[in-house]
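Single-structure report; data block below.
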Amino acid sequence: MKLHELVANEGATQAKKRVGRGPGSGLGKTSGRGQKGQKARSGGAKGATFEGGQLPLYRRLPKRGFSNSEFKTVYAIINLSDLNRFEDNTVVTPALLKEVGLVKKGLDGIKVLGEGNLEKKLTIQANKFSASAIEKIEKSGSKAEVI
């Protein structure tokens, strides 16, 4: 079998609808839009939330409450397995992590998670540590310092 011998399955492809193209196409004159009216005109489609002029649901519901999502703290996440690239006795700071490329954006700080194992002796400075990360850091003989 060669590329030029390939043929699509029966019914897999359909010809494009060519509207407004004279007799025979079945889509001449009004191009399948019917006679007059809003839907027959260009730009006549209304949005999915349009309710025929009735006050839409999203405007009928009360706007109440407060969302704190705008002010939440978002941490850049680092796993312990990512820290094995550093030499022994290195002080791992947020600036160093950014320089190396482990953290792209500073966000609101850095959180170290306990995914993987730490095989080096490091001093890790971060804003937050998970419980499993602290346990594994102490187990490897490293230090965890909260900034």
Side-chain angles (χ1 to χ4, degrees), residues 1-21 25-27 30-34 37-147:
M1 179 179 281
K2 297 187 175 100
L3 281 176
H4 69 276
E5 295 172 349
L6 289 175
V7 180
N9 292 336
E10 188 81 25
T13 57
Q14 290 184 341
K16 187 177 176 233
K17 253 190 198 180
R18 298 183 69 228
V19 296
R21 292 297 193 286
S25 73
L27 294 168
T30 54
S31 304
R33 286 174 173 258
Q38 184 174 20
K39 287 184 179 177
R41 312 198 189 289
S42 67
K46 289 294 180 191
T49 59
F50 186 67
E51 298 182 27
Q54 172 178 303
L55 196 66
L57 181 67
Y58 70 89
R59 288 189 58 200
R60 277 180 274 155
L61 296 175
K63 307 293 180 275
R64 296 193 58 210
F66 172 76
S67 171
N68 201 37
S69 63
E70 197 176 329
F71 310 105
K72 71 181 177 186
T73 51
V74 180
Y75 292 101
I77 290 172
I78 294 288
N79 287 313
L80 284 180
S81 55
D82 299 331
L83 300 175
N84 285 324
R85 66 165 58 184
F86 297 109
E87 299 296 319
D88 278 334
N89 301 321
T90 306
V91 178
V92 180
T93 61
L96 180 65
L97 290 171
K98 202 163 194 177
E99 187 183 307
V100 172
L102 278 174
V103 174
K104 300 286 188 265
K105 298 176 185 171
L107 300 174
D108 298 323
I110 291 176
K111 182 170 183 176
V112 179
L113 302 181
E115 187 73 33
N117 288 316
L118 185 61
E119 288 133 23
K120 306 281 174 82
K121 282 195 172 185
L122 305 170
T123 304
I124 305 161
Q125 296 177 346
N127 302 79
K128 280 199 154 194
F129 293 89
S130 70
S132 62
I134 291 174
E135 187 182 306
K136 288 181 180 181
I137 287 168
E138 288 170 355
K139 190 176 172 186
S140 72
S142 298
K143 276 193 227 165
E145 293 178 5
V146 179
I147 313 173

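Only heavy atoms go into these numbers, but all of them, side chains included; no hydrogens, no water, no symmetry mates.
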Leu118 versus Ser142, closest heavy-atom pair with distance
CD2-OG, 3.5 Å
Apply the test side-chain contact (heavy atoms from CB on, under 4.5 Å) to residues Ile124 and Ile78: give CA-CA distance (whole Å), side-chain angles for both, the deciding distance (0.1 Å), then the verdict.
CA-CA 11 Å; Ile124 305 161; Ile78 294 288; over 6 Å; no
Side chains of Asn117 and Leu80: closer than 4.5 Å at any heavy-atom pair?
no
Rounded to the nearest 0.5 Å, what's the gap from CD on Gln54 to CG on Leu57? Could you check?
9.0 Å
What distance do Asp108 atom CG and Tyr75 atom OH have between them, rounded to the nearest 0.5 Å?
7.0 Å
Heavy-atom pair with the smallest gap, counting every atom of Met1 and Glu5
CA-OE1, 3.4 Å
Tell me the closest heavy-atom pair linking Ala76 and Val103, and the distance in Å.
CB-CG1, 3.8 Å
Okay, side chain of Arg60, backbone of Leu55: is any donor-acceptor separation there less than 3.5 Å?
yes
Distance, nearest 0.5 Å, that separates CG of Leu96 from CD of Glu99:
6.0 Å
Should we say atom CZ of Arg59 is surrounded by more than 12 heavy atoms from elsewhere, each under 6.0 Å from it?
no
Would you indicate whether Lys63, at its atom NZ, is surrounded by more than 12 heavy atoms from other residues, nucleotides or ligands within a distance under 6.0 Å?
yes
Once rounded to the nearest 0.5 Å, what's the spacing between atom CD of Glu145 and atom OG1 of Thr123?
6.0 Å
Minimal non-hydrogen separation, Ser130 against Lys111, with atom names
N-CE, 4.4 Å
Heavy-atom closest pair (Ser81 atom, Gly116 atom, distance to 0.1 Å) is CB-CA, 4.0 Å
Return yes when atom CG of Asn68 has more than 12 non-hydrogen atoms of other residues, nucleotides or ligands closer than 6.0 Å, and no otherwise.
yes
If you round to the nearest 0.5 Å, how far is OG of Ser140 from NZ of Lys121?
8.5 Å
Is it true that, when you exclude Lys120 itself, more than 12 heavy atoms of the residues, nucleotides or ligands shown sit nearer than 6.0 Å to its NZ?
yes
Please evaluate residues Leu102 and Arg85 with respect to the criterion side-chain contact (heavy atoms from CB on, under 4.5 Å), reporting the C-alpha separation (whole Å), side-chain torsions for both, the decisive distance (0.1 Å), and the verdict.
CA-CA 10 Å; Leu102 278 174; Arg85 66 165 58 184; 4.0 Å; yes
When rounded to the nearest 0.5 Å, the distance separating CG of Leu122 from CG of Asp88 is 7.0 Å
Ser31: partners by side chain to side chain donor-acceptor pair (under 3.5 Å), with sequence neighbours left out:
none
Gln125/Val91 under side-chain contact (heavy atoms from CB on, under 4.5 Å): CA gap, chis, key distance, verdict
CA-CA 7 Å; Gln125 296 177 346; Val91 178; 3.9 Å; yes
Considering all heavy atoms, the nearest Leu113-Ala133 contact:
C-CB, 3.7 Å
